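Encoded as structure tokens, the structure appears first; notes follow it.
None of these values were measured; they are calculated from a predicted model. Numbers for residues simply follow the sequence, beginning at 1.
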Amino acid sequence: MLTPDKLERINFLAKKSKQEGLSTEEAAEQKELREEYLKNVRTSFQNRLHSLTIIDPEGNDVTPEKLKESKKSQKNIKH
């Protein structure tokens, strides 16, 4: 998870970019912060998906095979 300071900096740079433009250093910093933010979002989303099990009205597990395989490979990486 990103720190509140980093989120604040992302927002500041976005606002400054719209208002007056960014220096080369600021643009590079913005790109790096955005990449870190997106990496965190993707990881969070993937963890959320791995916690899902889909059950049909009859109580059968109908979780897609691709998700089941992804869960198994993720467990193998962690252990």
Side-chain angles (χ1 to χ4, degrees):
M1 175 167 257
L2 288 178
T3 64
D5 291 341
K6 285 187 178 183
L7 288 174
E8 186 177 319
R9 183 68 177 162
I10 289 171
N11 291 329
F12 170 79
L13 291 172
K15 185 176 180 181
K16 184 177 180 188
S17 172
K18 291 176 186 175
Q19 291 177 343
E20 58 191 77
L22 299 175
S23 69
T24 306
E25 294 83 18
E26 289 172 328
E29 179 187 7
Q30 182 183 42
K31 182 179 179 187
E32 185 179 312
L33 288 169
R34 283 181 173 173
E35 287 173 4
E36 184 178 351
Y37 175 79
L38 286 173
K39 181 180 176 188
N40 283 316
V41 168
R42 288 180 182 119
T43 300
S44 176
F45 184 75
Q46 187 176 40
N47 289 339
R48 183 89 167 157
L49 275 178
H50 286 160
S51 69
L52 291 178
T53 300
I54 302 170
I55 307 294
D56 71 6
E58 288 108 33
N60 300 315
D61 183 356
V62 293
T63 305
E65 286 302 316
K66 189 171 183 177
L67 180 55
K68 288 179 183 180
E69 291 171 15
S70 180
K71 287 180 183 183
K72 286 178 186 176
S73 68
Q74 188 68 21
K75 286 181 183 178
N76 291 337
I77 292 171
K78 289 182 179 179
H79 294 289

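For the residue pair Thr3/Asp5, the side-chain donor-acceptor check at 3.5 Å is not satisfied.
Around the CD atom of Glu32, the shell of radius 6.0 Å holds no more than 12 heavy atoms that belong to other residues, nucleotides or ligands. By the 6.0 Å contact criterion, CD on Glu8 is open, its count of non-hydrogen atoms from other residues, nucleotides or ligands being 12 or less.
Using a distance-only test at 3.5 Å, with no hydrogens or angles considered, a donor-acceptor pair links the side chain of Thr43 to the main chain of Lys39.
Expressed to the nearest 0.5 Å, how far CG of Leu67 lies from CD of Glu69 amounts to 9.5 Å. One distance of note links CD1 of Ile55 with CG of Asn60; it measures 8.0 Å at 0.5 Å rounding. From Leu33, atom CG reaches atom CD of Glu35 across 9.5 Å, with rounding to the nearest 0.5 Å. Note: Tyr37 OH to Arg42 CZ = 11.0 Å, rounded to the nearest 0.5 Å. We find the CD-CG distance between Glu26 and Leu13 to be 6.0 Å, quoted to the nearest 0.5 Å. Interatomic distance, Lys68 NZ to Thr53 OG1, rounded to the nearest 0.5 Å: 8.5 Å.
Both Ile10 and Val41 are assigned to one and the same hydrophobic cluster, defined by single-linkage of ILVMFWY side chains at heavy-atom distances under 4.5 Å. Leu49 and Ile54 fall into different hydrophobic clusters, where Ile, Leu, Val, Met, Phe, Trp and Tyr side chains are chained together by heavy-atom contacts under 4.5 Å.
Here the shortest heavy-atom pairing between Gln30 and Leu22 reads OE1-CD1, 3.1 Å. Contact detail for His50 and Ser70: the closest heavy-atom pair is NE2-OG, 2.6 Å.
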